[in-house]
Amino acid sequence: MDYDPQELEQRWRERWAESGRYEADPSDVAAHAGGDEAASDDEEPTFITVPYPYPSGGMHIGHARTYTVPDVYARYRRQQGDNVLFPIGWHVTGTPIIGAVERLKKREPKQMSVLQDTYNVPEETLSELETPMGFANHFIEEHYKKGMQSLGLSVDWRREFNTNDERYSQFITWQYETLRDHGRLEKGLHPVKFCTDEQQPVTTHDLLEGENAEFQEYTLVRFGWDREGTEVTVPMATLRPETVYGVTNAYIDPEADYVVADVDSEKWFVSAEAAEKLRLQAHDVEVLEEYEGSELVGQRVENPITGDDVLVLPAGFVDADNATGVVMSVPAHSPDDYVALQEAKADTEYLESFGIDPADVADIEPIPILDIEDDDEDWGEVPAQYAVESNGIESSDDPKLAKATKDLYNKEFHAGHLKDMYGEYAGELVKDVRERFKDDNADTGAFDLMQEFSEEVVCRCGGDVVVAEQDTWFLTYNDEDWKRMAHEVVDGMDTIPDNTRGEYDHTIDWLNEWPCIRNYGLGTRLPWDKDFVIEPLSDSTVYMAYYTIAHRLQDVPVEDLDREFFDALFYGEDAVDDADERALSLREEWQYWYPVDYRFSGNDLISNHLTFYLFHHADLFDESMWPQGIVIMGMGLLEGEKMSSSKGHVVLPGEAIEKYGADTVRFFLLNSAEPWQDYDWRADQVGSVRDQLNRFWNRGQDLIEGPDGDRDELQHIDRWLLSKLQDTVETVTEAMENSETRTASQAAFYGLEESLRWYRRRADLDRSGAQWTQRHVLETRLRLLAPFVPFLTNELHEQLTGTPAEDAPWPEVDAEFESTVVEVEERQVERLTEDVHDIIDVTDTDPETIRVYVAADWKNLVFDTVADVGTNVGQVMGEVMQHESLRERGNEVNQLVQDLVDVVRGLDDDAIEAMREMDEATVYEDATGFLRREFDADVEIYVEGSEDIHDPGERADKATPFRPAIHLE
RNA sequence: GCGAGGGUGGCUGAGCUAGGCCAAAAGCGGCGGGCUUAAGACCCGCUUCCGUAGGGAUUCGAGGGUUCAAAUCCCUUCCCUCGCACCA
């Protein structure tokens with residue numbers, strides 16, 4: 001029977017679907033476990049989850065791996081006898097799907113290309129995708145679900161749901177009401193992207209420009225302007241508040257629009273745009289008067305920290321649409337400002353046109369405020385001057401200026417020590433003191449804050465997008481007691497790989513308040529304010545509990561799923577007055593499956609989703625229900641490059657499965673890297689995996705068609721292979737326990753193949769003992785590989801034994817076949833073979849006779865002594881010289897001891913003991929048949945010093961224990 | 001900058017948490033051979049350099065150090081990848 005994965009895999013998919021093979025129920029433990037191996041009573045419930053997919057697009061091969069990794073573990077646990085639940089749901093919360101639909105409706109070319117070229121959506125289907133759930137359902141049904149079923153994921157499909165479902169929403173409602181009662185939610189202000197045209201918040205997907213813009217917190221230094229007796233605040237925006245001591249003047253755009261506005265009952269002079277932004281950032285703003293910037297030019301304003309009056313100069317480079325539109329100038333430390341000042345001084349005519357006395361400007365000198373600590377370069381007193389001059393910058397048009405400025409900012413941030421004028425902050429590094437300096441001066445009222453984007457942001461409608469501060473609800477991840485509980489979850493959890501443990505702790509410490517609602521999107525409304533929707537990362541923190549009851553919840557009318565219902569379900573009948581019986585029944589199933597044994601997830605989710613998952617479990621559930629373990633998964637590449645559905649640089653699972661077969665796809669994905677490592681889908685490698693499986697299949701077929709063989713006819717070489725098999729079982733099992741799928745599958749597949757290669761070369765395969773051995777090895781191997789390549793192994797195992805591999809128990813080490821002695825003995829045969837080959841290669845001869853000389857008895861006596869005494873040469877010599885026969889040999893013995901000590905070093909006790917037990921001459925004698933075939937030569941084995949020895953080459957005395965002398969003729 | 005993970009032979013990638021069986025697994029590629037009418041597939045062997053006896057020399061980003069012994073431990077240094085949020 002030829003290997004035809006398509007046909008074979010389809011058959012198994014149908015069998016699984018028809019029998020409901022992976023539907024897991026608490027009461028249904030025994031029914032699915034096949035054959036007599038089922039030990040139903042002590043079957044452990046094992047609950048495995050993976051983040052539910054977000055179907056805002058199709059499924060590609062990277063997703064395939066994400067879901068196959070937990071599947072392999074699930075299959076492994078089933079063979080170990082566990083009752084395993086592996087469910088899947090669909091995450092549709094939030095705006096991505098809505099955004100995708102909008103772009104589809106507009107027939108945006110990029111979006112159309114993704115849908116039609118990358119994900120092959122037929123033209124006539126497009127209209128069905130024009131509603132959010134229509135869109136989601138298409139990708140759920142046509143891509144994810146089909147892909148997952150093709151891959152053979154052992155999912156309990158009865159439990160699927162999506163997060164826009166009314167029952168799920170009741171569950172989330174319960175969660176958020178409970179969290180609020182626990183004090184985990186707080187109302188507050190939060191910066192959002194806000195379109196000034198549409199007058200509403202927008203998301204990243206709504207943007208035309210500035211998708212990567214970051215929120216920046218500017219410090220506003222409140223300069224004072226005595227405007228004919230009226231005190232007016234001129235807030236100057238800066239990202240470097242600590243430079244306030246170095247301010248020599250200020251700049252304003254003389255031609256832009258500015259206003260005097262009432263801001264929180266003070267008069268502020270800011271750009272017209274800034275007034276609007278301040279209004280959006282929760283200030284009370286009323287514009288009183290409108291001016292051009294020139295109004296302020298030539299005026300003197302007072303530095304709130306130093307009390308100095310500085311001159312306001314006109315400058316075209318000031319952007320009125322950035323922050324307040326007024327900036328302070330620190331020429332000693334900003335190359336930009338330094339050059340601007342030089343140019344201002346030079347252009348007397350321009351100054352005079354604003355009524356400024358050029359002499360006043362000429363007097364302005366940079367004020368150094370910090371010293372740069374740098375062993376390599378001397379930045380001088382005025383680092384900005386040094387930066388400008390050493391870079392050969394002549395004018396503000398010089399493109400090098402921006403880089404010089406950025407470099408100096410960086411340098412000063414990390415290596416700048418503040419001068420004495422800073423008092424309590426003097427001597428400190430900028431990076432250590434900036435925040436404190438800012439906060440302290442904000443407290444005294446000298447500074448204010450303002451949010452601004454790092455780059456221009458434009459809405460798709462064409463409107464300006466600015467930072468607005470909006471009332472929102474936060475999850476208070478900054479609560480100390482909550483953080484402490486989250487740390488406790490981490491402490492009690494298995495983190496795979498182990499070096500991720502610190503990342504959870506780090507994230508817990510670093511997390512701040514998290515705004516958990518949005519203005520629109522799919523999902524659940526905030527229970528107490530229906531204008532808002534709970535955002536995606538916040539409605540997906542404890543949903544694993546929902547899987548345990550999702551299918552049965554369908555029988556309960558939505559209106560019954562109130563707070564009390566879920567309280568009874570999750571907290572028991574005592575938690576409510578009159579517990580709903582249905583809830584209590586569901587509670588049993590929840591308690592049966594929970595907690596989650598392992599959650600498999602991408603490493604990028606540690607910093608949000610996974611840690612939220614820990615926080616929420618810590619708050620909502622008892623310690624006994626806390627997550628037991630998380631396995632982190634790496635990222636995927638395609639032919640060495642990032643996958644990208646917008647560029648069409650993806651492989652679809654369906655296409656890969658059609659071309660190679662699902663087993664090949666699975667095996668490649670699990671075997672090419674450990675789950676947490678990044679992997680690279682390379683067609684040539686996948687193709688070769690396919691060839692390997694084909695070869696494996698053919699070999700299997702040959703054995704299945706052949707005779708059973710006879711276990712009573714085992715020879716040395718059979719026992720060797722069987723011993724290797726036990727090693728493999730041990731390695732694979734240990735690896736699987738740690739989710740090391742690569743190690744496990746490598747050992748089971750390639751590792752054993754290695755041994756088999758030697759075995760086939762070494763053994764007479766037609767013997768009945770060899771037949772039995774090979775069939776036994778095949779059967780064990782099929783079970784070990786069943787989690788990885790379930791289709792192929794089920795088929796072969798069923799042909800071989802009548803039972804699918806997945807229904808057979810996981811192999812255990814059979815002590816009867818474990819033998820270090822046999823392995824050590826065979827190792828000697830291998831070495832002898834290698835040595836003979838080496839000699840033949842080097843001498844380029846074709847011997848007719850091979851003579852092997854085993855070391856004399858006295859040499860073995862020395863070995864035994866080394867084995868007893870250890871690797872201390874002196875001690876060994878002392879012991880050895882007790883024997884008179886050895887004492888005579890003096891130097892010879894000394895040399896031998898040295899050699900043998902080297903041999904023994906690094907060997908474990910088992911191996912040394914086995915070496916003592918073995919009789920070299922017999923081992924080689926038994927292998928003469930093989931050696932004769934291998935070298936097509938006569939093989940003679942002698943013991944050094946024996947009477948019948950034939951030693952024409954006089955080589956016998958070169959023999960040492962485990963290193964026989966060899967003579968070729 | 002902060003946090004995390006890396007730099008190994010033509011490529012991919014083990015080994016490095018417990019230093020010695022490591023010239024360094026395995027796969028791919030390359031070379032040679034077998035099988036075959038032939039190609040593919042399949043099977044076997046070789047694949048750092050030197051060597052007419054199983055050996056030797058030089059390698060695991062770079063430079064030091066510890067040790068009888070280091071790819072593996074310590075220090076310094078260079079380079080690369082990822083994350084740094086309110087977005088799934």
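Values below: every heavy atom of this structure, side chains too, minus hydrogens, waters and symmetry copies. All chains are named by letter (A, B, ...) in the order of the sequence lines, taking the proteins before the strands, and each is independently numbered beginning at 1.
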Does the ring of A:F749 carry A:R781 above it, NZ/CZ under 6.0 angstrom from centre and within 45° of its axis? yes
Span that lies between the C1' atom of B:G55 and that of B:A23, in whole angstrom: 14 Å
I want to verify a distance call: between B:G54, B:C87, B:A25, whose nearest atom is closest to the A:E754 side chain? B:A25
Rounded interatomic separation in angstrom, taking CG from A:L605 and C1' from B:G83: 11 Å
Minimum-distance nucleotide to A:N512 side chain [options: B:A53, B:A85, B:G27]: B:A85
Let me know, please, whether A:E535 or A:T843 comes out on the 5' side of the other along RNA chain B by nearest nucleotide. A:T843
Could you check whether A:E920 pairs with A:R963 (Lys NZ or Arg NE/NH1/NH2 to Asp/Glu carboxylate O, under 4.0 Å)? no
Closest to the A:V842 side chain, choosing from B:G51, B:C44, B:A4: B:G51
A:K724/A:E826 ion pair, N-O < 4.0 Å: no
Between B:G27, B:G54, B:C87, which nucleotide has the shortest distance from any of its atoms to the side chain of A:R963? B:G54
Toward the 5' end of RNA chain B, by each residue's nearest nucleotide, A:S688 or A:W514: A:S688
So, is A:R955 close to the B:G54 phosphate, meaning a side-chain N or O under 4.0 Å from OP1 or OP2? no
What is the distance from CD of A:Q677 to C1' of B:U12, rounded to the nearest Å? 12 Å
Suppose you measure atom P in B:G56 against the same atom in B:C43; what distance do you get, rounded to whole Å? 35 Å
Does A:D835 get its side chain close enough to the base of B:G54, under 3.5 Å, for a donor-acceptor pair? yes
Which of B:G27, B:A53, B:A88 is nearest the side chain of A:H967? It is B:A53
Side chain of A:N608 only, please: which of B:C86, B:G55, B:C87 is the nearest? B:C87
